[in-house]
Number of protein chains: 2
Amino acid sequence: MLKISELSEQTGLSAHTLRYYEKHGLINASNRSEAGYRFYNDSDLRRVQFVKTARNTGFSLADIGQLLSIRVDKRSHSCQDVTDITQKKLLEVNAKLTELQSMQQTLELLLESCCGGPENATHCSIMEALDAGLLREDNKEARLIK
Amino acid sequence: MLKISELSEQTGLSAHTLRYYEKHGLINASNRSEAGYRFYNDSDLRRVQFVKTARNTGFSLADIGQLLSIRVDKRSHSCQDVTDITQKKLLEVNAKLTELQSMQQTLELLLESCCGGPENATHCSIMEALDAGLLREDNKEARLIK
DNA sequence: TATAACCTTAGAGCCAACTCTAAGGTCAAT
DNA sequence: ATTGACCTTAGAGTTGGCTCTAAGGTTATA
Ligand SMILES: [Zn+2]
Ligand SMILES: [Zn+2]
Ligand SMILES: [Zn+2]
Ligand SMILES: [Zn+2]
């Protein structure tokens, strides 16, 4: 039986975070001492580790709630239920990746275009590009206007 | 001279957002009517468009504040001042990209490993992987444990 | 028995960038 | 003169995931 500080050590999640997860229905301490201290058993620990792994994978706490309700009753859920959640998350991640890659490309083009030197910025092509609107917005690819 | 709703139309930013930007020192209406209505001239419009372009490029409002103070006095700033901000932003973007790519890879591996079918999840390899800790965390690359 | 290091709770604060509300003033058209 | 569409302000609410505080109770050690 682990106290919350011990569970915290085992998992790398703060005691605050563990209580927060409990408040949001993700985890629970299956026992309490007479004074009300939380005590966690091995099954509790494994559940917390599941949450942590899912969190590291990028799932939101809401997603994890769903995954946990599958986990506690696998017989009532299908592999498709699991892949639906995973697929949805992958789509979100891919959308963000696309957005960030476009930013990356724009920033790289901006940096290439500027001398980066110590003289004054009256001629700076980054400032010019930002002033000019920078992108052809009709095109999905960020591209500096020449 | 544009009223706020007209500037909103011209820029695609809501009047709320324009007032929010003003409150945070990014933009300003150079004139007001007797009744206190904001009026924007061409120079105001160009400044707002600069803000919008920088926003689309991924810069935070704090970054944009710095870029704007360079913009109004280019002679007192160097190209390096501009590239410093841009480079910092690129590093942030690259860090997020790395994180998201790792998530993407993990999610793809999970999806490959699961049949996604209608039978029950007692054998689901996604659930197993999340239970098992999923990643070799010593390695930067996400990898399913075999 | 005192001190420190734990634990409890409800609830507030934080981050960024909005987004919206309330309560009222203004303006153009009917 | 009355709609209705605009405008103003200060300030509250939203999102997600923590993070921290206050005020108190418990436990281990000296
Ligand atoms: Zn230069
Ligand atoms: Zn430059
Ligand atoms: Zn299956
Ligand atoms: Zn499966």
Side-chain angles (χ1 to χ4, degrees), chain A residues 1-40 44 48 51-68 85 88-89 92-93 95-96 99-100 103, chain B residues 1-40 44 48 51-68 85 88-89 92-93 95-96 99-100 103:
Chain A
M1 291 297 217
L2 302 168
K3 279 192 293 185
I4 197 164
S5 61
E6 292 163 340
L7 182 63
S8 169
E9 245 178 80
Q10 292 279 317
T11 59
L13 300 170
S14 77
H16 280 303
T17 296
L18 292 167
R19 289 191 203 99
Y20 173 83
Y21 285 174
E22 180 181 309
K23 190 157 57 178
H24 288 72
L26 298 182
I27 65 171
N28 210 53
S30 39
N31 299 285
R32 293 269 185 149
S33 76
E34 293 205 350
Y37 285 27
R38 289 167 178 82
F39 282 116
Y40 300 90
D44 295 335
V48 173
V51 171
K52 193 193 177 190
T53 300
R55 216 49 213 95
N56 288 343
T57 309
F59 289 108
S60 69
L61 300 190
D63 293 334
I64 294 172
Q66 294 197 71
L67 290 170
L68 285 167
I85 296 168
K88 191 183 114 265
K89 188 74 219 171
E92 287 172 30
V93 166
K96 273 191 204 150
E99 199 188 334
L100 281 171
M103 285 181 196
Chain B
M1 290 296 218
L2 301 168
K3 278 192 295 186
I4 197 165
S5 62
E6 292 162 340
L7 182 64
S8 170
E9 246 179 79
Q10 292 278 318
T11 59
L13 301 169
S14 78
H16 279 306
T17 297
L18 291 168
R19 289 190 204 99
Y20 173 84
Y21 285 174
E22 180 182 308
K23 190 156 59 179
H24 288 72
L26 298 183
I27 65 171
N28 209 53
S30 37
N31 299 285
R32 292 270 185 149
S33 75
E34 293 206 349
Y37 284 28
R38 290 168 178 82
F39 282 117
Y40 300 90
D44 296 335
V48 174
V51 171
K52 193 194 177 190
T53 300
R55 220 41 219 97
N56 288 343
T57 308
F59 290 108
S60 69
L61 300 192
D63 293 334
I64 294 172
Q66 294 196 72
L67 290 170
L68 284 168
I85 297 168
K88 191 183 115 262
K89 188 74 217 171
E92 287 172 30
V93 166
K96 274 191 201 150
E99 200 188 333
L100 281 170
M103 286 181 194

Say whether, by atom type as modelled, one donor and one acceptor occur between the side chain of A:Lys52 and the main chain of A:Thr11 under 3.5 angstrom. yes

Any residue of residues 15-36 of chain A with a heavy atom less than 4.0 Å from an atom of DNA chain D: A:His16, A:Thr17, A:Tyr20, A:Tyr21, A:Ala35

Does this structure show an ion pair linking B:Lys89 with B:Glu92, if we count only N-O contacts that are shorter than 4.0 Å? yes

Give me the first and last nucleotide of DNA chain C, going 5' to 3', that has any atom under 4.0 Å from a heavy atom of chain A. C:dC6 to C:dG11

Find out whether B:Lys3 and B:Phe39 are in side-chain contact, i.e. whether some heavy atom of one side chain is under 4.5 Å from a heavy atom of the other. yes

For the pair B:Tyr21 and B:Val48, evaluate side-chain contact (heavy atoms from CB on, under 4.5 Å) and give the outcome as yes or no after the intermediate values. CA-CA 9 Å; B:Tyr21 285 174; B:Val48 174; 5.8 Å; no

For A:Ser60 and B:Arg38, take the nucleotide of DNA chain D holding the closest heavy atom to each; which residue's nucleotide lies nearer the 5' end? B:Arg38

Exactly one of B:Leu26, B:Ile27, B:Asp63 should register a side-chain contact (heavy atoms from CB on, under 4.5 Å) with B:Leu68. Which one does? B:Leu26

Minimum heavy-atom distance A:Asp44-A:Ser30, with the two atoms named: OD2-OG, 2.6 Å

Tell me which residues in residues 2-14 of chain B lie within less than 4.0 Å of DNA chain D, going by non-hydrogen atoms. B:Lys3, B:Ile4, B:Ser5

Within-4.5 Å side-chain heavy-atom neighbours: B:Lys96 and A:Lys96: no

Please step through side-chain contact (heavy atoms from CB on, under 4.5 Å) for the pair A:His24 and A:Leu61, ending with a clear verdict. CA-CA 9 Å; A:His24 288 72; A:Leu61 300 190; 5.5 Å; no

When you measure from the side chain of A:Thr57 to the backbone of A:Phe59, do you find a donor-acceptor pair of N or O atoms at a distance under 3.5 Å? no

How close or far is atom P of D:dG16 from atom CD of A:Glu92, stated in whole angstroms? 11 Å

So, do A:Asn28 and A:Glu22 sit near enough that their side-chain heavy atoms are less than 4.5 Å apart? yes

Can you tell me how far P of D:dT27 sits from CZ of A:Phe39, to the nearest Å? 8 Å

